[in-house]
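Okay, so here's the structure we're looking at.
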Amino acid sequence: MEKKTCDCVVIGSGIGGMCAAAKLAHSGYKTIVIEKLPILGGRYTQIEYKGYKICTAAYMILYGKNDPVYLTLNEVGAPEIETAHTGPMPQTYRMGGKDYEMTGKGALRDMISWASKDKDEENRVMTALKRAMLWYEPPDTITFDDWMLQYADSKTIRNLFQSLVAAWAGANSWEITAGQWFRILKGMTVGGNPIILKNGVKDVIDALEKVITDNHGEILTRTRARRIIVEDGVARGVAAERGGEELQIEAKTVISNAGPKKTIKLGGDHNFDRAYLKEVAERVKPAAGLEFTITSDEPLLDAPSVLFTADTQRLECFVGDCTPDGKHLLRTASVPESTVLYSPMKEYDIFLRDLKETFPDFEKRGGRILLARNFCGDWPFYGTWPGDCLGQKTPVEDLYNVGDAVIPGGWVGGSGAAQSAKVVVEDIKTRVKPA
Ligand SMILES: Cc1cc2nc3c(=O)[nH]c(=O)nc-3n(C[C@H](O)[C@H](O)[C@H](O)COP(=O)(O)OP(=O)(O)OC[C@H]3O[C@@H](n4cnc5c(N)ncnc54)[C@H](O)[C@@H]3O)c2cc1C
């Protein structure tokens with residue numbers, strides 16, 4: 001059996017794991033990342049598919065230059081990454097057949113004003129939102145849609161918020177609680193405009209990989225964690241399998257990017273507090289949904305740009321993406337009516353109708369669906385509904401989770417996973433000295 005020793009071992013190379021590892025390696029901690037797949041990045045990279053670069057999931061740096069991913073790259077001195085646009089990325093909102101250009105500042109008020117034909121309703125909704133953001137955050141006792149019903153009469157306002165909730169939370173406004181949504185909304189208002197990268201998000205993972213290896217870290221692909229070694233309630237390392245051989249990594253700290261449920265399995269549930277086991281069982285519910293990659297002979301949408309639409313039956317947020325060789329790609333996600341119970345085939349038919357309604361000249365422009373994917377189970381939209389994540393520490397000492405099931409309030413997706421890495425690394429720095 002091969003043995004290795006380090007300060008920190010990271011299980012999984014998703015954006016959360018890679019950000020944590022880059023920060024630690026950059027701060028002088030001997031860090032080892034193990035990844036079961038042959039590629040790094042998890043749901044935050046690209047792969048080749050039929051001559052196209054396909055995202056494993058994420059496309060954008062959601063909060064622009066305020067994004068924890070972007071800030072991590074700067075902090076660890078990663079190589080510069082080329083963006084696809086110089087100014088803010090163009091974003092359009094379609095409502096009632098009309099397109100509205102969204103600007104960063106005051107966008108929420110503008111959207112409410114476009115959606116409501118009634119000034120009284122607009123003021124009522126704005127006042128209620130402001131109060132909920134700045135004074136009293138509504139509790140998790142009602143859904144956001146029920147909360148909104150107190151203030152909005154028009155279906156258009158509720159549709160507007162449904163599409164925002166679905167786009168950011170990966171769940172519906174009738175599923176997510178008012179508290180969960182306001183925690184996200186607060187984050188959105190301090191975040192920046194999304195960024196699309198010229199060569200896609202793999203550049204981020206490549207840059208973090210370089211930082212880790214330049215700072216004496218090690219990254220092992222095709223290496224699967226089989227067990228987290230726990231002694232007297234303290235994590236001591238990881239037993240892994242690499243090429244059919246056992247590898248034992250002794251470490252002062254273990255960070256799991258495999259998701260809280262797998263972390264418990266790897267650590268052995270007898271090592272976890274009962275309250276924690278109950279919390280994970282009840283609160284970790286992955287946000288599931290469908291994603292489509294579309295190609296066309298002529299562009300269906302300018303690239304780069306985003307079109308949100310409240311006119312379709314499901315949320316659709318269409319992203320016009322860049323491809324280096326002049327091919328046209330459009331990516332879109334669709335959140336089913338129930339993220340817990342749905343039929344992917346039925347959702348696919350609804351999506352086709354939505355697609356043709358949004359782009360009536362789809363066929364004329366040579367549009368075709370390159371790939372349709374159902375993100376669920378271990379490979380979901382989000383590890384759990386944002387705004388309802390667990391903390392990063394586990395009851396096992398020196399064992400942390402990072403990733404999109406343990407996002408600090410207000411953040412979502414890969415950005416939130418990177419923020420969880422920030423919280424974890426700050427804690428490690430107060431407890432562990434580099435060797
Ligand atoms: C369609 C879609 C679009 C999205 N768009 C965006 C976007 O534009 N921007 C954004 O920020 N977010 C977006 N997201 C969300 C984002 O992709 C995820 O939130 C984020 O990538 C999750 O990262 P993570 O750190 O949780 O790790 P994950 O991506 O879950 O990676 C975990 C890694 O751990 C590895 N692993 C698991 N078990 C083991 C083991 N036992 N041993 C070794 N390795 C193991 C896995 O192989 C994997 O590589 C999108 C999601 C979807 C589905």
Side-chain angles (χ1 to χ4, degrees), residues 9-21 32-45 54-64 67-70 89 167-170 191 194-197 200-201 204-205 208 219-228 238-242 247 249 254-263 265-267 286-293 306 317 319 321 331-335 371-384 386 389 392 401-407 411-421 424:
V9 58
V10 180
I11 304 169
S13 70
I15 187 68
M18 290 299 275
C19 283
I32 300 178
V33 179
I34 56 171
E35 168 57 57
K36 66 180 181 185
L37 298 176
I39 58 162
L40 301 176
R43 286 170 284 150
Y44 207 94
T45 186
I54 302 294
C55 300
T56 50
Y59 329 122
M60 291 183 274
I61 299 199
L62 296 171
Y63 301 84
D67 194 292
V69 171
Y70 200 87
M89 186 182 50
W168 284 87
I195 294 178
I196 290 190
L197 299 175
V201 293
V204 170
I205 298 297
L208 294 171
I219 302 180
L220 307 172
T221 53
R222 293 187 163 94
T223 307
R224 181 187 287 268
R226 288 287 183 204
R227 189 165 57 87
I228 295 170
V238 172
E241 187 193 315
R242 181 173 163 75
L247 165 68
I249 305 171
V254 178
I255 299 175
S256 171
N257 188 205
K261 285 186 178 161
K262 275 199 197 157
T263 304
K265 266 198 187 149
L266 289 168
L290 279 76
E291 193 257 4
F292 305 88
T293 307
V306 180
C317 150
V319 181
D321 207 351
R331 308 180 196 275
T332 179
S334 164
V335 173
L371 188 62
R373 288 181 288 182
N374 183 22
F375 282 86
C376 58
D378 274 357
W379 206 257
F381 268 3
Y382 293 150
T384 192
C389 289
Q392 297 76 28
N401 280 304
V402 293
D404 65 356
V406 292
I407 292 178
W411 302 97
V412 300
S415 316
Q419 185 68 9
S420 72
V424 165

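FYI, the numbering just counts along the sequence from 1. If you're wondering where the values come from, they're calculated on a predicted model, not measured in any experiment. Counting starts at 1 for both ligands and their atoms, following the listed order.
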Salt bridge check, Glu291 against Arg373: does any charged N sit closer than 4.0 Å to a carboxylate O? yes
The side-chain contact (heavy atoms from CB on, under 4.5 Å) partners of Ala58 (sequence neighbours excluded) come to Tyr44
Sequence neighbours excluded, the answer for side chain to side chain donor-acceptor pair (under 3.5 Å) partners of Arg242 is Thr223
Taken in chain and number order and not counting sequence neighbours, the residues that satisfy side chain to side chain donor-acceptor pair (under 3.5 Å) with Arg227 are none
Problem - Side-chain (Arg331) to main-chain (Ile54) donor-acceptor, under 3.5 angstrom - result: no
query = So do the side chains of Tyr63 and Val412 get within less than 4.5 Å of each other, counting heavy atoms only?
reply = yes
Counting only non-hydrogen atoms and a 4.0 Å cut-off, the residues near ligand 1 are Ile11, Gly12, Ser13, Gly14, Ile15, Gly16, Ile34, Glu35, Lys36, Leu37, Gly42, Arg43, Tyr44, Ala57, Ala58, Tyr59, Met60, Leu62, Thr223, Arg224, Ala225, Asn257, Ala258, Lys262, Glu291, Phe375, Pro380, Phe381, Tyr382, Gly403, Asp404, Gly413, Gly414, Ser415, Ala417
